[in-house]
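Following: one structure in C-alpha cells, then a few remarks.
One-based numbering along the sequence shown.
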Amino acid sequence: MRRWFAWTLALSAFLVFWSQPLIARCYLPSLGGAAAVWATSLCLFQILLCCGYLYAHALQTFLSVRWQAGVHLALWVLIAFTIPPLSFPPAPPDAAWSWLAGVLLKQIGPTFFWLSATAPLLQHWFASVSQEKDGSPYQLYVASNLGSFLALLAYPFLMESLWPLMTQWRLWKGAFFLMGPTILFCALWVYRRAPSPKDLPIEQVVPQQNAAHASSPIAWVFFAAIPSALLVSVTQHITTDIAPAPLLWVLPLALFLATFVWVFSAHPVPWEGLQRWHAWLLLPLLLLWLSETRMPWWFELPLYLGLFWVSTMLCHASLAQRRPPPAELTSFYSWMSVGGALGGLFASLLAPLMFAQTWEVPLLFLLAAQGRSSSQVSQKLLPTERNRLLLWFVFCFLLSPLGLMLGEPRMALPVNHQKLSFFCASLGALLFR
C-alpha cells in the first residue's frame with residue numbers, strides 16, 4: 001500500500017509542477033519579461049502552497065482521519081467540476097504583479113491549493129493507520145519531490161514541444177480528474193483500518209529518532225525561507241544579469257527539488273563536505289561582489305548554481321534533521337511552507353525596494369552558512385552564542401535597508417556604505433560559522 005500512496009503523491013506533485021510553467025507560459029506574450037513573470041508566479045504559488053498546508057494542518061487538528069478524507073474528497077468534487085477554461089486575457093497597459101496574481105488565482109488557484117494539501121494529508125493518513133514499523137511517512141515526501149522533478153524536466157523538453165497550450169490544458173485537467181479515484185482508494189484503505197483497535201497510535205508507528213533533535217518553528221521557518229528566497233533571487237539574477245537564455249530558470253528549480261529528494265531519503269548528508277564547499281565557493285563570489293568585477297558567463301553561472309545547490313542543501317538538510325515525530329507532520333510542513341512564502345515575498349517584492357543592487361543574493365548565501373546538523377548545533381554553539389549570532393545578522397541585514405528611510409526607493413545607502421555593511425556581514429558569517 002505504501003507504493004500506492006507514493007504513486008498518488010508523485011502524481012499530485014507532477015500536476016503541481018506541470019501547472020506552474022504551463023500557466024506562467026500563457027501570460028508571457030502579453031506581459032513580456034520572462035524573469036519578472038516567473039518570479040511573480042513563483043511567489044504566488046508559494047503562498048498557495050502555504051495555504052494548502054495550513055488547510056491540511058487544520059483538518060488534521062480538528063477532524064478524525066475519516067472525516068479528513070471525506071472533506072478533502074468533497075472539495076475535489078467541487079473544484080474539479082468548476083475549473084475554468086483556459087483564457088488569455090490581454091494585460092492592461094499598467095499591468096502590475098497584482099493583475100497577474102488575480103489572473104493566476106482565478107485560473108489555477110483552487111486546483112493548486114487542493115493539490116498542495118494532498119501531500120501532507122496523505123502522509124498523515126499513512127502514518128496514522130499504517131502498522132509498518134520499518135519506514136517513515138517522511139520518505140513519501142521523496143516520491144512527491146521526484147514527481148515534481150520529473151514534471152520540471154518533462155515540461156520544457158517534452159510537453160511544450162509536443163503539444164500546444166490548449167492540448168496541454170486538456171491533458172492536465174484529465175490528469176486532475178484522475179486524482180479523485182486515487183485519493184478515494186487511499187481514503188477507503190484508511191476508512192477500513194482507522195476503526196481497528198489494533199492500530200497503533202501515530203507516535204508509535206515510527207521510532208522517534210528525531211524527537212531529541214526536534215527544533216522550534218522558528219528554525220523551521222528560517223531554514224525554509226532562505227532557500228526559497230535564494231531560488232527567486234538567484235533565478236532572477238542569472239536570467240537577467242549573467243545569461244538571459246530561455247529555459248535557464250529550470251536549472252535552479254531542479255537543483256532546489258533535488259536537495260529535497262536527497263535530504264528526506266535514507267542517504268546520509270555529508271555535512272563537513274557541504275560546509276567546506278560552501279566556504280570555497282563563497283570566497284570568489286564575495287571577491288566578485290566587493291570588487292564589482294564581471295566575469296564570463298561560463299565562470300559566473302557554475303559558481304552561482306554550485307553555491308546555490310550547496311546552500312540549499314545545508315538549509316534543507318537542517319530542516320530534515322529537525323523534523324518532528326509523525327504526529328506533528330502537518331505542523332512541520334505548515335511552518336515550512338510559511339517560511340517558503342516569506343522567503344519568496346522577500347526576494348520578489350521587498351528586496352527590489354530595499355537594495356540598490358541585488359545585494360540580497362550574497363547576503364542570503366551568507367545566512368545559508370548557518371545550516372548544520374542538530375548534533376553540530378548542540379556541540380559547537382551554546383544558546384548564548386546562537387542568540388548573539390542572530391542579533392549580528394539582524395544588524396547587518398538591516399544596515400543596507402536603512403537607506404530606504406533616507407532616500408528614494410532602490411537607492412538605499414551609497415555603494416561604499418553597502419560594501420562596508422556587506423563586509424561586516426561576511427566577516428560575521430566567517431567568524432561565527
Side-chain angles (χ1 to χ4, degrees), residues 1-23 42 44-60 65 68-83 107-128 130 137-155 159 168-169 171-190 253-254 256-258 260-261 264-265 329-330 332-334 336-337 340:
M1 194 61 196
R2 171 183 285 272
R3 291 183 179 180
W4 184 265
F5 273 79
W7 279 109
T8 306
L9 282 168
L11 176 61
S12 173
F14 187 91
L15 291 178
V16 166
F17 275 80
W18 184 1
S19 66
Q20 291 187 36
L22 170 61
I23 297 302
L42 186 59
L44 178 65
F45 290 141
Q46 288 172 332
I47 295 175
L48 287 174
L49 180 72
C50 177
C51 294
Y53 281 8
L54 290 175
Y55 153 78
H57 180 59
L59 290 184
Q60 184 268 332
V65 174
Q68 294 170 34
V71 170
H72 199 52
L73 281 170
L75 186 60
W76 172 83
V77 173
L78 179 63
I79 293 175
F81 291 96
T82 57
I83 299 177
Q107 188 70 52
I108 203 69
T111 53
F112 193 96
F113 169 84
W114 187 88
L115 289 170
S116 301
T118 300
L121 275 179
L122 284 179
Q123 293 179 62
H124 170 70
W125 295 353
F126 183 84
S128 62
S130 175
Y138 286 107
Q139 293 182 3
L140 293 175
Y141 197 49
V142 176
S144 176
N145 283 281
L146 283 175
S148 305
F149 191 81
L150 180 61
L152 180 64
L153 295 181
Y155 182 80
M159 299 178 185
Q168 294 181 47
W169 180 247
L171 291 173
W172 188 92
K173 288 177 62 176
F176 184 81
F177 272 91
L178 288 178
M179 286 297 303
T182 57
I183 294 292
L184 178 61
F185 188 81
C186 295
L188 291 175
W189 183 76
V190 171
L253 190 52
F256 184 88
L257 294 173
F260 268 127
V261 174
F264 279 94
S265 63
L329 180 145
T330 56
F332 170 69
Y333 285 141
S334 298
M336 189 172 69
S337 65

Note to self: Assess the residue pair Phe177 and Phe81 against the criterion (ring-ring contact (aromatic ring centres under 6.0 Å, His included)); give the C-alpha distance rounded to whole Å, side-chain angles, the decisive distance to 0.1 Å, and a yes or no.
What the structure shows: CA-CA 9 Å; Phe177 272 91; Phe81 291 96; 5.5 Å; yes
Notebook entry, point to check: Which residue, Leu59, Leu73, Thr330, forms the side-chain contact (heavy atoms from CB on, under 4.5 Å) with Gln68?
Noted result: Leu59
Notebook entry, point to check: Just wondering, do Ile108 and Trp172 contact through their side chains at under 4.5 Å, heavy atoms?
Noted result: yes
Item checked: Option from Tyr333, Phe126, Phe332 for which ring pair (Phe, Tyr, Trp, His ring centres under 6.0 Å) with Tyr141 holds -> Tyr333
Notebook entry, point to check: What do you reckon, are the aromatic ring centroids of Phe5 and Phe185 less than 6.0 Å apart?
Noted result: no
Notebook entry, point to check: Any side-chain heavy atom of Gln168 sitting closer than 4.5 Å to one from Tyr155?
Noted result: yes
Next item on the list: Determine yes or no for a side-chain-to-main-chain donor-acceptor pair under 3.5 angstrom, with Ser12 supplying the side chain and Leu115 the backbone.
Entry: yes
Check: Can you name the residues that form a side-chain contact (heavy atoms from CB on, under 4.5 Å) with Val142, not counting sequence neighbours?
Finding: Leu146, Val261, Phe264, Ser265
Check: What about the rings of Trp4 and Trp7, do their centers lie closer together than 6.0 Å?
Finding: no
Notebook entry, point to check: How would you list, by chain and number, every residue that makes a ring pair (Phe, Tyr, Trp, His ring centres under 6.0 Å) with Tyr55, sequence neighbours excluded?
Noted result: His72, Phe113
Check: Should the ring pair Trp76 and Trp114 be called parallel, tilted or perpendicular, given that the plane angle runs from 0 to 90° and is split at 30 and 60?
Finding: tilted
Next item on the list: Measure the acute angle between the ring planes of Phe260 and Phe256, then classify it against the limits of 30° and 60° as parallel, tilted or perpendicular.
Entry: perpendicular
Note to self: How close do Leu257 and Leu152 get, counting heavy atoms only, and between which atoms?
What the structure shows: CD1-CD2, 4.1 Å
Note to self: With a 3.5 Å distance limit and no angle check, can you tell me whether Ser148 reaches the backbone of Ser144 through a side-chain donor-acceptor pair?
What the structure shows: yes
Check: Is any side-chain heavy atom of Ile83 closer than 4.5 Å to a side-chain heavy atom of Thr111?
Finding: yes
Next item on the list: Applying side chain to side chain contact (heavy atoms under 4.5 Å, CB included), run through His124 and Val65 and close with a yes or a no.
Entry: CA-CA 9 Å; His124 170 70; Val65 174; 4.2 Å; yes
Notebook entry, point to check: So Phe112 and Ile23, side chain to side chain contact (heavy atoms under 4.5 Å, CB included) or not? Walk me through it.
Noted result: CA-CA 11 Å; Phe112 193 96; Ile23 297 302; over 6 Å; no
Check: Given side chains that start at C-beta, do those of Cys186 and Thr8 come closer than 4.5 Å, heavy atoms only?
Finding: yes
Margin query: For the backbone of Ala187 and the side chain of Trp125, can you confirm whether one donor and one acceptor N or O come within less than 3.5 Å of each other?
Written below: no
Item checked: Phe45 side chain near Val16 side chain, heavy-atom distance below 4.5 Å -> no
